[in-house]
Each structure stands twice: as structure tokens, then as C-alpha cells.
Amino acid sequence: MIVADRYDPHAIEPKWQARWEADKLYRAPDDDPRPKWYELAMFPYPSGDLHTGHWYHYSGADAHARYMRMQGYNVLYPMGFDAFGLPAENAAIKHGADPAAWTKTNIENFRRQFKMMGSSFDWDREVVTSDPDYYKWTQWWFLQLYNRGLAYRAAAAANWCPGCQTVLANEQVVGGRCERSDDVVERRFLTQWFFRLTAYADELLEFKGIEWPERIRAMQTNWIGRSEGALLRFPVEVDGAVEQLAVFTTRPDTVYGATFMVIAPEHALVDRITTPGQRDAVDAYREAASRQTEIERMSTEKEKTGVFTGGYATNPFNGARVPIWIADYVLVTYGTGAIMAVPAHDQRDFEFATKYALDAIPVFTHPDVDITRPLAAAFSDGLAMVNSGPFDGTPAAEAKARVTAHAEANGIGEGTVNYRVRDWLISRQRYWGAPIPMIHCPEHAIVPVPESDLPVRLPENVTFEPTGQSPLTLIDEWVNVPCPIDGGPARRETDTLDTFMCSSWYQMRYVDPHNPERPFSQALAHKWLPVDQYSGGADHAVMHLLYTRFFWKAARDMGLVEGDEPMLRLFNQGTLLGPDGQKMSKSRGNVVAPDGEVAKHGADAFRCQLMFVGPWDQGGPYNPTGMAGIVRWLHRAWSLVTDHVSFVTAPDSEGARDLRRATHKTIREVSEDAEQFRFNTLISRLMEHSSLMQRARDAGAVDRGAWKEALDATILMMAPLAPHIAEELWARAGNRYSVHVAPWPSFDPALARDEQVEVVLQVNGKVRDRLLLPAEATEADAREAALASPRVQEWLQGKEIRRFIYVPGKLLNLVVS
RNA sequence: GCCGAAGUGGCGGAAUGGCAGACGCGGCGGUCUCAAACACCGCUGGGCUCAAACCCAUGUGGGUUCGAAUCCCACCUUCGGCACCA
């Protein structure tokens with residue numbers, strides 16, 4: 001132990017990585033009596049290198065997994081690769097690479113870098129979503145959802161990304177642009193495959209029994225956008241017959257104020273109600289609307305425009321004749337694509353009515369509004385109904401219910417709930433994804449591929465020319481198959497599945513990753529699921545994190561998993577910024593390369609420095625010069641083990657008691673920090689304790705027992721964040737391999753308690769003096785000591801003490817006149 | 001506009017009703033050294049031209065409280081999300 005060699009991360013890190021791998025130290029056995037803990041970090045898309053953001057995420061997740069392992073849990077902490085997706089295919093288009101080979105190379109690189117960072121994954125459970133053994137089951141899931149009516153094919157307005165040459169789900173459109181390529185998305189009417197996400201919309205709002213950040217829950221809740229209202233039917237005369245124009249409204253109580261109707265330019269009724277005189281204007285408006293991008297059309301700054309169709313509807317409540325307009329502020333994709341416009345009580349309708357000189361009829365009274373005069377703006381709240389026939393005088397609080405009840409009683413409409421969220425569009429016109437296991441037969445329409453024929457393998461030797469159609473359509477020998485029902489000529493579905501489907505169930509596959517018979521066994525699912533702790537970026541709030549909840553609920557209803565939610569606790573790490581406080585990007589030149597930092601200081605130092613930046617959920621700027629402090633600390637910890645210490649045996653000495661108190665306090669605080677992912681303060685407490693130990697050592701002989709306790713505790717508490725140096729020091733301190741399966745140190749509250757406490761003396765809330773009192777001192781003792789303090793006495797001159805406020809062991813406030 | 005998070009030294013941050021600025025970086029001074037450092041020690045919010053004492057200070061303005069960075073109200077700023085959703 002006297003070997004005073006210096007801390008050299010490059011000597012010890014590869015050594016222990018090899019040892020851990022050879023020993024399968026981090027394997028999670030299925031047959032283990034300890035309580036289970038499923039720690040999951042979102043798996044990466046394997047592109048290029050593990051970047052600093054990956055390190056930031058996985059350093060924290062790994063530290064928590066290690067902490068739980070030391071707490072005595074049988075920790076399942078797996079890793080895999082979300083390997084289907086566009087970058088591989090784009091590399092194929094650009095450089096002629098084979099997507100499978102390109103992906104394989106990247107995965108190997110990622111795996112190497114994961115090992116270099118000293119992560120504690122159970123690699124025996126690795127899954128790769130582009131592997132046929134995995135996507136066989138992704139296809140299987142599709143068939144199960146199809147069989148349960150949760151997958152269907154339909155024509156709808158879809159988001160088309162011209163850059164990616166495929167449709168996208170709504171969740172993948174951010175501000176009118178493609179989430180991946182940033183191209184402006186176009187709207188196309190296409191027949192596509194969907195998952196019936198809306199079937200679970202209400203349950204997805206519940207978040208039953210899970211601890212997820214408020215931010216994510218709010219984003220999902222807003223995205224789902226539940227609104228209660230009513231569906232009302234307005235009769236319309238079309239070609240001599242009466243049809244119903246259905247509108248969704250959250251304000252059925254304003255129906256008497258409906259002075260016109262607005263339907264989306266794409267609404268199916270437009271052609272049939274347009275009168276010959278309005279035909280040219282309507283056609284021109286529709287043409288113009290169709291040419292707009294989603295971004296242009298979504299702009300709220302834009303002045304509202306529209307055209308009268310010449311058609312009229314009848315208000316079913318009062319028989320009023322109501323003109324029907326088309327306008328692009330009404331979206332064909334929401335509600336029924338048609339609204340009743342109530343200018344008096346809806347600002348958008350008010351603006352439209354003002355522009356086109358349409359009437360506004362107030363149907364509520366309002367204390368601040370004179371409704372007998374023309375309105376300056378719409379007002380949404382009111383006191384009681386007015387201008388509403390038999391409903392006049394109805395208080396606002398009862399208005400909606402009464403109007404809705406009337407509609408239902410008369411067959412005019414009914415109360416309903418509408419959602420902003422739409423079904424999940426899952427088909428993609430791309431190659432590098434799991435083929436949708438369906439066959440189109442001229443005789444039998446759509447026929448599922450029999451489960452025994454799975455997987456439907458991706459063909460090789462494909463030409464990757466972006467045509468707007470899946471490259472699979474060009475491969476005749478793949479496309480042409482016999483119909484599973486009658487063996488007649490049929491064609492495969494050529495679209496592939498959205499890669500978010502692969503990641504919707506991967507946490508299930510980890511529990512039984514090599515099962516050739518089923519996606520996973522019930523027994524193992526029951527043992528390991530759900531995930532106890534999940535971590536990943538908040539950018540997946542309404543994509544992956546919503547989809548996997550939907551998927552789980554469907555799986556639950558199939559009897560495959562138990563419980564209502566897939567991940568009990570979620571933690572979102574923040575975004576690590578460049579040293580300049582800006583988002584890291586090549587163009588800004590502020591990218592921190594992990595390999596460089598590791599080459600300079602080692603993986604342990606880099607991990608610690610990343611976690612020392614600030615609270616993990618907050619992210620923040622990376623400080624490369626701050627690395628010096630971490631490196632200094634690691635050297636100090638090293639020297640505590642390797643430098644000479646003079647020992648005595650004096651367990652009752654003040655020095656021994658002080659050291660033990662510091663050790664036990666540190667254990668208490670570090671444990672709390674580890675539970676709550678507060679790695680920055682965890683490190684600062686360990687730094688403080690290392691410095692204290694060093695001072696104790698340099699001050700003279702220390703008690704052998706107290707020193708050994710302090711040293712072992714320090715090494716154990718370093719292990720989650722700095723696994724290599726901890727393992728090395730653990731061995732050098734004469735302990736048994738491995739520190740990473742050693743029990744986390746426990747603290748003794750009696751030993752952590754202070755013998756003396758410093759009590760702050762305040763006069764009228766201002767600090768005037770401090771006292772050192774025995775920990776067991778009473779309030780009376782504190783008062784007596786305070787009154788004896790000369791400093792306090794000065795401030796009491798000529799004053800009368802009115803009150804004493806005493807916070808035991810902390811503070812005494814004297815309130816004076 | 002709506003929803004969410006946040007504003008504290010030169011910098012990252014700590015303290016969530018009780019000593020504001022832990023820990024670290026940077027800076028200043030010193031020790032060791034031929035010289036240095038990833039070594040060690042000390043100082044480091046502002047004012048009062050040393051110090052002590054005192055005063056001021058946690059985005060701004062009010063309030064609650066014996067006591068507020070922390071709770072409440074109003075406002076300003078920044079970041080993230082949604083955005084004509086009827």
C-alpha cells in the first residue's frame with residue numbers, strides 16, 4: 001500500500017474494463033432472490049460517435065444503476081440500439097453504403113465507446129432493432145394490433161416531408177417542419193396505416209401511479225388536447241335533399257349567436273353547396289389554400305380570409321338561415337372540419353365577421369359590456385343567456401348542460417369529447433425499417449402475413465433512389481407473393497414501419513432478449529416489468545414517451561403485461577451546452593469531443609466533470625477548465641490511499657470522533673443526493689470529505705479504525721461516478737473485488753450527530769452573534785447564553801424584549817421593541 | 001396568446017421559511033522548488049480609500065412573517081413546448 005505511484009487513468013481504466021467484461025460483473029440474473037430494479041436509459045440511434053450529450057445522459061444513468069446495485073438490488077440495466085432509421089438510408093443514397101453494414105459499423109463503434117466510459121450495462125441482453133430476430137417481433141406486434149382493431153388503413157391528410165420523401169406522424173412535425181430534416185412539410189391526401197392512439201386518449205391523460213416530471217405530463221396533456229363540448233347538426237339543403245352539417249363546439253350555449261358557418265376549404269360538402277355564382281371564387285380560394293405550406297397556413301398573425309359558398313344551413317334551435325363560408329382558419333383535420341361561427345363570443349369569428357360585414361349577436365349578458373351597442377371585441381364569459389329564445393335568463397354555469405340536453409332530446413346533437421391528438425400514422429415510404437407484414441390480394445383485399453411466415457425480411461441489393469415511393473416497390477421478386485388465403489398472385493405492402501414502433505416495446509424485449517418463440521415470456525415480464533427508473537431527453541415528450549405508453553396499454557389489454565404504465569419514474573436530463581453557453585454544433589465550433597477529454601483526463605474525470613456541471617435535469621454549459629478541480633480531487637483521493645499515514649489506536653479521541661462524525665454525515669448526505677440524481681452536490685460533499693481526511697492525516701497520527709471507515713466509505717461513494725479509480729483504490733485499500741457489488745455504506749445517526757451546535761443570535765432578525773452550545777442545550781440555556789453575550793447586549797440597550805423565537809440547535813431571535 | 005421551467009459573485013452553481021454565496025473554476029498573495037505543476041496554504045459579492053464594526057446585496061416593485069433567495073400579488077427578462085384546435 002505504500003507504493004506511491006501516481007494516479008494514471010490510462011493504466012487502470014482499460015484494465016478494469018476488461019476484468020468487468022470477463023467476469024460479467026453487471027449481468028442481471030433472472031433467478032436471483034434479491035429485489036429487482038429495472039433501470040433504463042433511452043437507447044441511442046447509432047450514428048457516428050457517442051457524443052458529449054450521450055455521455056452526459058449515460059453518466060448519470062449509469063451512476064444511478066450502480067448506486068441501486070450497491071443498495072442490494074438485482075439491477076437490470078440493459079443497452080441496445082435503435083438501429084432502423086433514415087441516416088443509414090441517406091448514407092446509402094449519398095455514398096452507396098449498405099445500410100445494414102453502415103449500421104453494424106456504427107454499432108460496433110458505439111459499443112466500444114460505451115465500454116470506454118466504464119458503463120455497467122448487461123451486454124448479454126443487447127437488442128438491435130434492425131436485426132431480423134428483433135423486427136420479427138415488431139411485425140408480430142403489428143399483427144396483434146391489427147387483429148384487435150388498433151391498426152387500420154385509411155385515407156387522410158398526411159404530412160409529407162419532401163426531404164425525407166415519406167409521410168410523417170403529427171408528432172414528427174415541429175412547427176410545420178420535419179423533426180429530422182427540418183424541411184417544410186406538405187399536406188397530401190394519402191392512404192396510410194395508422195394505430196388507433198385515440199382509443200386510449202383518455203387513459204393517456206391519467207398518468208396513473210407514475211412519477212413523471214410535470215413538464216412532460218403537461219406537454220402530453222396539451223398534445224392530447226381533450227376538449228368537452230357538443231356535436232351539433234345543422235340541416236343543409238343539398239341538391240334538393242336535406243343533409244346534416246355537423247360541427248363540434250365547446251360552446252353549445254352560444255348556438256343562438258351563430259350568424260354564419262365556416263367549413264374548411266377541403267371539406268367534402270364544399271363542392272355540393274357552392275352555388276354557380278360563387279363557383280369561381282370558391283375554386284380560386286381552394287386552389288390558393290392548397291398551395292400554401294402548413295407554416296403559412298398556421299400563422300396566427302395572418303389576417304383571416306374566406307369566401308361565401310352561396311349555400312345556407314339552418315340553425316336547428318331557432319330555424320335561422322345561416323350562410324356557409326369557407327375559410328382556411330378552419331382545419332379539416334380537427335373536429336368535423338366545420339364550425340358554427342359566433343362572432344360575439346369568439347375572437348377569431350369576430351375578426352372574420354368584422355372583415356366581411358357579418359352580424360354579431362351577443363347571447364350572454366356581461367357586467368362590463370353594453371350588448372345593445374356594436375361590440376368592440378368578442379367576450380367569452382358572461383352572466384346569463386340572452387337572445388336565446390326559451391333559454392333566456394339561464395345562468396352561465398348551467399347554460400352548456402341545458403343546451404346540450406335540449407339538443408339530445410331533440411336529436412339535434414349530443415354532448416361529446418374531442419381530441420387534438422390524432423391516430424398515429426405509422427407507415428413510411430422508406431427502405432430501412434421493418435416491412436409492414438401485410439399482403440394486398442385482388443380477391444381478398446388486405447391479408448395479414450401468417451405469423452409463421454415472420455419475419456418479412458428486408459430484401460438486399462436495393463436501389464435507393466428517392467422516388468416518393470418505398471424502394472421496396474421496385475423489387476418484383478420481393479413484392480410478388482402468393483396470397484396467403486388462395487395462393488393467387490398478390491403483392492406485399494411496401495411501406496415500412498415508423499421506427500418509433502421499434503422503440504415502443506424495446507423495454508419489454510430486454511427482459512427476454514433471445515426468446516425465439518415469443519417476444520418475451522410471461523414469467524420474465526412479470527419478474528422485471530415495468531421499468532422502475534427511466535431516463536432520457538425531454539425532446540421525446542410527445543413522441544416516444546407517448547407512443548410507448550399507448551403500446552403498453554394495448555399490450556396490457558392483450559394480457560401480455562401487467563400494470564397500467566410502462567415506466568414508473570421518469571427523469572429527463574437537461575441539455576449539455578458548449579462552453580459558450582450555446583447549443584453544441586459543428587457550425588458554432590463549440591463541440592466538446594469525448595474522446596479528446598478521455599485521452600487527456602480519463603473517463604472517470606470526464607464523467608465526474610459532466611455531472612459536476614449542475615443539476616442533472618438542468619443541463620448547462622460544459623466548462624473544460626473546470627476539469628482541473630475534478631482531476632485535483634481524484635489525485636487527492638488517490639493519495640489518501642497511497643500516501644503514508646501515521647496511525648494510533650485511539651477510538652475515543654476527539655480526532656477519531658470528529659472524523660467519524662464527518663464520515664457518517666457525508667454518507668447520509670451523499671445517499672440522499674444519489675437517490676435524487678443530485679450528482680453535483682454529491683461530488684461536492686465527497687470533495688469536502690476528502691479534504692477533511694487529508695487535513696486530519698497531515699495534522700498528525702489518526703485513529704486507525706476511524707481512518708479505515710472514512711477511507712472505505714469514500715471509495716464506495718465514489719464508485720457510481722468514478723467506477724475505475726474506485727475499483728483500483730478499493731483493491732489497494734485491501735478490500736475484496738469488486739467495489740461495484742459491495743454494499744453501499746450505511747450511516748449511524750448517533751455518530752453523525754454534532755456534539756456542539758452553533759446557534760445564531762439575532763436581534764430583530766439580524767445576526768449579531770453566534771454561540772457554541774452543547775447539542776443537548778435547551779431553549780432556556782440558549783436564552784441565558786444569549787443575554788450574556790456582550791454583542792447582543794449592545795443591541796438590547798434601552799430596548800424591551802418582546803419575544804424569543806428559538807429554532808433548536810440553529811437560531812435564537814430576540815424580538816425587541 | 002396559452003402551458004411549463006428558470007433569473008443568486010467575474011463564471012458553473014449551493015442554500016426551498018432561519019448564518020446568502022457550500023463545492024469547483026477563474027483571480028490575487030504566499031510555501032515548496034534550479035524552475036514548474038494535475039502539489040500545498042491563505043484571501044477573493046459591493047460600500048465605508050487597512051482591519052473591526054456597520055450598511056447594502058439573490059431580475060423589478062409591493063405584501064405576508066420575529067425572520068424571505070425561498071411563500072403570496074403584480075411586472076420584466078430568458079429558455080423549452082404548443083399555437084387560428086372551434
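Chain identifiers are assigned alphabetically (A, B, ...) following the order of the sequence lines, protein sequences preceding nucleic acid strands; residue numbering begins at 1 within each chain.
B:A83 and B:C66: their C1' atoms are spaced 48 Å apart (whole Å). Between B:G30 and B:A35, the two P atoms lie 14 Å apart (nearest whole Å). Comparing B:A37 with B:C23, their C1' atoms are spaced 23 Å from each other, to the whole Å. Comparing the C1' positions of B:C50 and B:G29 gives a spacing of 16 Å, expressed to the nearest Å. If you take atom C1' in B:G12 and the same atom in B:G18, they sit 27 Å apart, rounded to whole Å. Spacing between B:A5 and B:C54 at atom C1', rounded to whole Å, works out to 39 Å. B:A57 and B:G21 have their P atoms separated by 16 Å, with the value rounded to a whole Å. With both ends at atom C1', the span from B:C19 to B:A69 equals 14 Å, rounded to whole Å.
Note: NZ (A:K799) to P (B:C66) measures 18 Å, nearest angstrom. The CD1-P distance, from A:I216 to B:G80, rounds to 15 Å in whole Å. As a whole-Å value, the separation of A:D253 CG from B:A86 P is 14 Å. As a whole-Å value, the separation of A:Q618 CD from B:G4 P is 18 Å. Between A:D698 atom CG and B:G42 atom P there is a gap of 12 Å when expressed in whole angstrom units. One atom, CG of A:L634, and another, P of B:C25, lie 12 Å apart when rounded to the nearest Å. If you take CZ of A:F679 and C1' of B:G24, they are 18 Å apart, rounded to a whole angstrom. Protein atom CZ of A:F352 is 18 Å distant from nucleotide atom P of B:A86, rounded to whole Å.
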Stepwise side chain to side chain donor-acceptor pair (under 3.5 Å) check, A:E597 with A:Y622: CA-CA 12 Å; A:E597 296 298 294; A:Y622 179 72; 3.1 Å; yes
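Of all nucleotides listed (B:G81, B:G4, B:C54), B:G81 comes nearest to the side chain of A:N222. Checking B:A86, B:C55, B:C38 against the side-chain heavy atoms of A:R768 singles out B:C55 as nearest. Comparing B:A86, B:G18, B:C84 by their closest approach to the side chain of A:K810 singles out B:G18. Of the candidates B:A86, B:G4, B:A83, the closest approach to any side-chain atom of A:R420 belongs to B:A83.
At the heavy-atom level, A:R636 lies under 4.0 Å from the strands shown only through sugar-phosphate atoms. A:E351 comes within contact range of no nucleotide atom at all, as no heavy-atom separation falls under 4.0 Å. A:S227 comes within 4.0 angstrom of the backbone, heavy atoms only, and of no base. At the heavy-atom level, A:Q694 lies under 4.0 Å from the strands shown only through sugar-phosphate atoms. When heavy atoms are screened at a 4.0 angstrom cut-off, A:P615 is found touching the sugar-phosphate backbone but no base atom. Within 4.0 Å (heavy atoms only), A:R791 reaches sugar-phosphate atoms of the nucleic acid but no base atom. Counting any heavy atom pair closer than 4.0 Å across all strands shown, A:V613 reaches sugar-phosphate atoms only and no base atom.
Ring to ring, A:W424 and A:F500 are not that close: their centroids are 6.0 angstrom or more apart.
Interface remark: the A:N813 side chain does form a donor-acceptor pair with the B:C66 base, using a distance-only criterion of under 3.5 Å.
Base orientation of B:G9: syn, since the glycosidic angle falls within 90° of 0.
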Dot-bracket encoding of pairs in RNA chain B, which uses [ ] for pseudoknotted crossings and | for another strand, Watson-Crick or G-U under 3.5 angstrom: (((((((..(((.....[....)))((((((.......))))))(((......)))..(((((..]....))))))))))))....
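The aromatic rings of A:W55 and A:F606 are tilted relative to each other, their planes meeting at an angle between 30° and 60°. Ring geometry for A:F677 against A:F679 counts as perpendicular: the plane angle is over 60°, on a 0 to 90° scale with 30° as the lower cut.
Cation-pi geometry between A:R420 and A:W223 is met: the NZ or CZ atom falls under 6.0 Å from the ring centre, inside 45° of the normal.
Between A:K600 and A:W223, the residue whose closest nucleotide on RNA chain B is further toward the 5' end is A:K600. Across the interface with RNA chain B, nearest-nucleotide mapping of A:G626 and A:P621 shows A:P621 to be the residue nearer the 5′ end.
Residue A:K766 places no side-chain N or O under 4.0 Å from the OP1 or OP2 atom of B:A53. A:R215 has no side-chain polar atom (N or O) that falls below the 4.0 Å cut-off from OP1 or OP2 of B:A5.
More than 12 heavy atoms of other shown residues, nucleotides or ligands fall within 6.0 angstrom of atom NZ in A:K355.
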Identify all pairs in which a protein N or O lies below 3.5 Å from an N or O of nucleotides 20-23 of chain B, and state each distance.
unit_1 : atom_1 : unit_2 : atom_2 : d
B:A22  : O2'    : A:E688 : OE2    : 3.1

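In this structure the side chain of A:Y256 never reaches within 4.5 angstrom of the side chain of A:V403, judged on heavy atoms.
A distance-only check finds no donor-acceptor pair linking the side chain of A:D617 to the backbone of A:Q573 [under 3.5 Å]. No donor-acceptor pair closer than 3.5 Å links the side chain of A:Q618 to the backbone N or O of A:G574. Side chain of A:D423 to main chain of A:T198: a donor-acceptor pair is present (N/O by atom type, distance under 3.5 Å, no hydrogens or angles).
Between the side chains of A:Y7 and A:T642, no donor N or O sits under 3.5 Å from an acceptor N or O.
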Show me the donor-acceptor pairs, under 3.5 Å and distance only, between side chains in residues 759-772 of chain A and residues at least two apart or in other chains.
unit_1 : atom_1 : unit_2 : atom_2 : d
A:N764 : OD1    : A:V816 : N      : 2.9
A:D769 : OD2    : A:S789 : OG     : 2.8

